[in-house]
Amino acid sequence: PPPPPGGLTPAGAALSAAGWCAAQGQLLLHASAAVAAPLTASTVTSDPYAAAGGPVGVLFAAVYGGAGDKDVFRRERERLLAGVRTALKKNTARVKNFEEQLRSAAAVDVTKNKADELMAYQFSYKQGSTYLDVIDFETGETKQVEIDPLKGPMLMAEALYKKSRKQRRTAGAVEPLLEAAAAEVEYLDQVEFTLTELTGGVTTAADGAAAAAAGVPGGGGGGSGPGGSEANDLLTLEEISQELVDARLMAPVGKGAAAQLKREEKAKQNGKK
């Protein structure tokens, strides 16, 4: 490509195009809405650096080597994939745990019926006995219920009523948590699929083989990979990275990351006061 305006190197032009954010202590990789201009065919022709997606693509390509260095792209994609899969594993476990709690809470009617039966027939209990004859409220048949002689039917019924109330509260509290965790799993599944589709512009057989080894579908040979153009892949990768950081699914990396983590921790502490 022709040299950037002002005789700057590609890296210098990228750093110049990117904006410095004093609040975060790092370079902003996205142009603000006030200065961003739509990317058109004429823009790309007159300014080939714009084809990289604005500051993010230029900075990434200029600093890390652009089309000649696919290793950096793959390492960043693999880092994001590892973070997404870790979060996916945790949230899948949470979904299973919440579902188990709901199954347990679904027995609230059974628990309450046991308590009702004990209360209804406690008058016939013989002190010190280990069982009590009751009539099953659901079937109408006579059955024996085990009784702890140290507690008796009254205390056992009270414990069962308490358990049924707890089961009912659990169901009400867990249902929204289950919905949120299931939605997170669905989102992470989509992100994982998108990341595996990104190739960073694989064009050679060697690149294709490396992409296939990294688990990228369709990466076994030459030609364009399924992830689209290199510029689009770079931009998509950056957007996903920022989304994961904003969602607190991954920690920020790069210059200013430590300061950002400190600010977030301080904000948490202030929120607790």
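Remember, it's a predicted structure, so these values are computed and weren't measured experimentally. Throughout, residue positions are numbered sequentially from 1 according to the sequence presented.
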Student check: side-chain heavy atoms of Leu195 and Val191 closer than 4.5 Å:
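Side-chain contact under 4.5 Å: yes.
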Who pairs with Asp133 by salt bridge (charged side-chain N to carboxylate O under 4.0 Å, His left out), at least two apart in sequence or on another chain?
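Residues passing salt bridge (charged side-chain N to carboxylate O under 4.0 Å, His left out) with Asp133: none at all.
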Asp109: which residues meet the salt bridge (charged side-chain N to carboxylate O under 4.0 Å, His left out) condition with it, sequence neighbours left out?
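Result, salt bridge (charged side-chain N to carboxylate O under 4.0 Å, His left out) vs Asp109: none returned.
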Side chain to side chain contact (heavy atoms under 4.5 Å, CB included) against [X], all qualifying residues, sequence neighbours excluded:
X: Thr236; answer: Thr194, Leu198, Ile240
X: Tyr121; answer: Phe123, Ser124, Leu132, Val134, Ile135, Phe137
X: Glu141; answer: Thr139
X: Glu243; answer: Tyr187

Remaining members of hydrophobic cluster (4.5 Å side-chain criterion), Tyr161:
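Members alongside Tyr161: Met119, Met154.
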Cluster companions of Val108 among Ile, Leu, Val, Met, Phe, Trp, Tyr (side-chain spacing under 4.5 Å)
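Val108 clusters with nothing; isolated.
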Within a reach of under 6.0 Å around NZ of Lys143, are more than 12 heavy atoms found that belong to other residues, nucleotides or ligands?
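Check passes, neighbour count above 12.
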Check side-chain hydrogen bond (donor to acceptor under 3.5 Å, both in side chains) between Glu158 and all other residues, then give those that pass, not counting sequence neighbours.
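Not a single residue meets the side-chain hydrogen bond (donor to acceptor under 3.5 Å, both in side chains) criterion with Glu158.
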Holding to side-chain hydrogen bond (donor to acceptor under 3.5 Å, both in side chains), I want the full list of residues that pass it with Thr111, two or more places apart in sequence or in another chain.
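Here the qualifying residues are Gln167.
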If the threshold is 4.0 Å, N to carboxylate O, is there a salt bridge linking Glu117 and Lys114?
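Looking at Glu117 and Lys114, the cut-off is not met.
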Pairs satisfying salt bridge (Lys or Arg N to Asp or Glu O under 4.0 Å), at least one member in residues 166-184, at least two apart:
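Listed by first then second residue: nothing to list.
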Not counting sequence neighbours, list each pair that qualifies as a salt bridge (Lys or Arg N to Asp or Glu O under 4.0 Å) and has a residue in residues 86-100.
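For residues 86-100: Glu100-Arg103.
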